[in-house]
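These figures come from a predicted structure and were not determined experimentally.
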Amino acid sequence: MGDMTVPDNGWPADRIDTAHAHSARIYDYILGGKDYYPADQEAGDAMAREWPALPVHMRANRDWMNRAVRWLAETAGMRQFLDVGTGIPTSPNLHEIAQAVAPGARVVYVDNDPIVLTLSQGLLASTPEGRTSYLEADFRDPAAILDAPELRETLDLTRPVALTVIAIVHFMLDEDDAVGVVRRLLEPLPSGSYLAMSIGTAEFAPEEVARVAREYAARDMPMRLRTLAEAEEFFEGLELVEPGIVQVHKWHPDGTGEQGIRDEDIAMYGAVARKP
């Protein structure tokens with residue numbers, strides 16, 4: 001059982017639904033975190049039984065995030081980040097990676113889960129030179145994100161911003177218009193901004209991933225897994241960074257976690273692209 005201690009920071013703990021599994025807490029449990037409840041452990045165990053590679057897949061997505069953010073800070077020179085669908089803090093968090101390269105980097109984290117809000121102190125431990133802020137908003141409401149004072153006070157939208165949308169759009173169904181939402185988030189960002197996304201797919205292990213998706217759906221978390229052609233829609237009009245849209249373990253591998261990973265163990269595309 002998770003050692004779930006909620007810090008006394010004034011946020012109402014009764015907003016957290018402990019009876020039902022939650023995608024961010026399942027991810028935390030499978031990655032070896034501590035911020036989960038019995039329902040999340042039960043769900044994670046059931047999913048891993050259906051697809052034993054699930055922990056490998058989730059760790060590869062996390063490693064990809066680390067590499068992509070480091071690339072954005074080091075190679076692309078990005079100093080501002082907007083991370084939508086942050087999830088439960090797992091060190092190193094995005095700001096720790098970016099600020100290790102550029103101590104003055106600024107990060108806005110966005111999530112709509114009360115548990116992420118409750119645990120957000122881990123997301124706000126910025127360097128003195130930089131700044132981080134946390135915004136509670138729904139990914140499906142881009143106007144609420146873009147108009148939020150937390151964003152406007154932290155980021156300068158006249159200068160490039162890296163928008164990161166990591167392991168979230170597979171929980172957005174067709175009626176949620178994930179492609180349209182990402183485009184609206186990119187719209188006010190200036191030329192030279194970047195989009196980094198990881199996008200769930202069933203193309204490499206269709207039967208196993210379909211079984212995992214059924215386990216999520218049975219817990220009121222239906223999934224929309226995408227083909228490569230559907231993943232490409234998110235990047236229309238942008239300039240893809242080499243090697244383009246590939247499975248996350250194949251994007252700029254650095255030799256620290258990709259050895260021995262089989263393609264059929266990864267159900268996530270990853271890509272980074274520049275806004276011209």
Side-chain angles (χ1 to χ4, degrees), residues 21-33 36 40-69 83-88 90 139 164-174 176 178-179 181-182 195-235 240 243-254 256-273:
H22 185 281
S23 58
R25 299 194 312 248
I26 295 168
Y27 188 68
D28 183 73
Y29 166 64
I30 289 177
L31 287 180
Y36 60 87
D40 309 302
Q41 182 175 12
E42 181 277 327
D45 289 345
M47 292 166 187
R49 280 195 299 274
E50 295 293 350
W51 189 36
L54 185 63
V56 174
H57 154 82
M58 287 187 169
R59 172 55 61 191
N61 176 72
R62 189 77 195 178
D63 290 344
W64 172 82
M65 186 277 283
N66 295 354
R67 296 196 307 279
V69 171
D83 183 53
V84 182
T86 295
I88 289 169
T90 303
F139 179 67
T164 56
V165 183
I166 296 166
I168 187 75
V169 293
H170 52 278
F171 293 115
M172 296 184 70
L173 305 183
D174 287 345
D176 296 321
V179 172
V181 167
V182 170
L195 171 65
M197 287 186 72
S198 61
I199 299 165
T201 183
E203 292 195 299
F204 300 93
E207 292 177 17
E208 294 88 342
V209 175
R211 292 200 297 267
V212 173
R214 280 197 293 273
E215 294 289 340
Y216 272 103
R219 294 163 178 83
D220 297 320
M221 292 176 281
M223 301 180 91
R224 172 67 165 86
L225 297 158
R226 289 171 170 83
T227 63
L228 178 59
E230 289 169 329
E232 287 170 345
E233 293 176 24
F234 288 99
F235 298 96
L240 280 163
I245 305 171
V246 293
Q247 286 174 286
V248 286
H249 65 303
K250 295 181 174 180
W251 195 93
H252 291 248
D254 60 8
T256 57
E258 303 86 19
Q259 301 97 323
I261 294 182
R262 304 178 308 161
D263 290 357
E264 56 265 36
D265 291 346
I266 302 298
M268 199 80 77
Y269 285 119
V272 176

Just by distance, do the side chain of [X] and the backbone of [Y] share a donor-acceptor pair under 3.5 Å?
| X | Y | answer |
| --- | --- | --- |
| D176 | L173 | yes |
| T201 | I199 | no |
| R62 | T90 | yes |
| Q247 | I266 | yes |

Fill in: Identified ring pair (Phe, Tyr, Trp, His ring centres under 6.0 Å) counterpart of F171 within the set Y27, Y216, F139
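Single pass found, and it is Y216.
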Worksheet entry | Side-chain ion pair, R224 and E230, N-O less than 4.0 Å |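 Salt bridge between R224 and E230, a charged N being under 4.0 Å from a carboxylate O: yes.
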Discussion item. Before you tell me yes or no, could you show the steps for D265 and H57 under side chain to side chain contact (heavy atoms under 4.5 Å, CB included), namely the whole-Å CA-CA distance, both residues' side-chain angles and the distance that decides it to 0.1 Å?
Written reply: CA-CA 6 Å; D265 291 346; H57 154 82; 5.9 Å; no
Within this structure, what is the [atom1]-[atom2] distance for the pair [X] and [Y], rounded to the nearest 0.5 Å?
| X | Y | atom1 | atom2 | answer |
| --- | --- | --- | --- | --- |
| W51 | E207 | CH2 | CD | 13.0 Å |
| Y29 | E42 | OH | CD | 10.0 Å |
| S23 | D220 | OG | CG | 12.0 Å |
| L54 | E208 | CG | CD | 11.5 Å |
| M221 | H170 | CE | NE2 | 10.0 Å |

Heavy-atom pair of closest approach, residues [X] and [Y]:
| X | Y | result |
| --- | --- | --- |
| Y269 | A231 | CD1-CB, 4.3 Å |
| L195 | F234 | CD2-O, 3.8 Å |
| A167 | S198 | N-OG, 2.8 Å |
| R67 | V248 | NH2-O, 2.7 Å |
| R25 | D40 | NE-OD2, 2.6 Å |
| W251 | G244 | CD1-O, 3.8 Å |

Fill in: Any residue meeting side-chain contact (heavy atoms from CB on, under 4.5 Å) with E232, in chain and number order, not counting sequence neighbours
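side-chain contact (heavy atoms from CB on, under 4.5 Å) check on E232 returns L228, A229, I245.
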Worksheet item: In chain order, what residues pass the side-chain contact (heavy atoms from CB on, under 4.5 Å) check against A43, with sequence neighbours excluded?
Response: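 Expected list: A21, I26, M47, R219.
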Discussion item. Any donor-acceptor pair under 3.5 Å linking the side-chain atoms of D263 with those of H249?
Written reply: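 A pair is found: one side chain offers a donor N or O, the other an acceptor, under 3.5 Å apart.
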Item to complete: Using the test side chain to side chain donor-acceptor pair (under 3.5 Å), find all partners of D28 that sit at least two apart in sequence or belong to another chain.
Response: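 Partners of D28 under the side chain to side chain donor-acceptor pair (under 3.5 Å) test: none.
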Item to complete: Please examine the side chains of V169 and R226, heavy atoms only from C-beta on, and report whether any two atoms are closer than 4.5 Å.
Response: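 A side-chain contact under 4.5 Å exists here.
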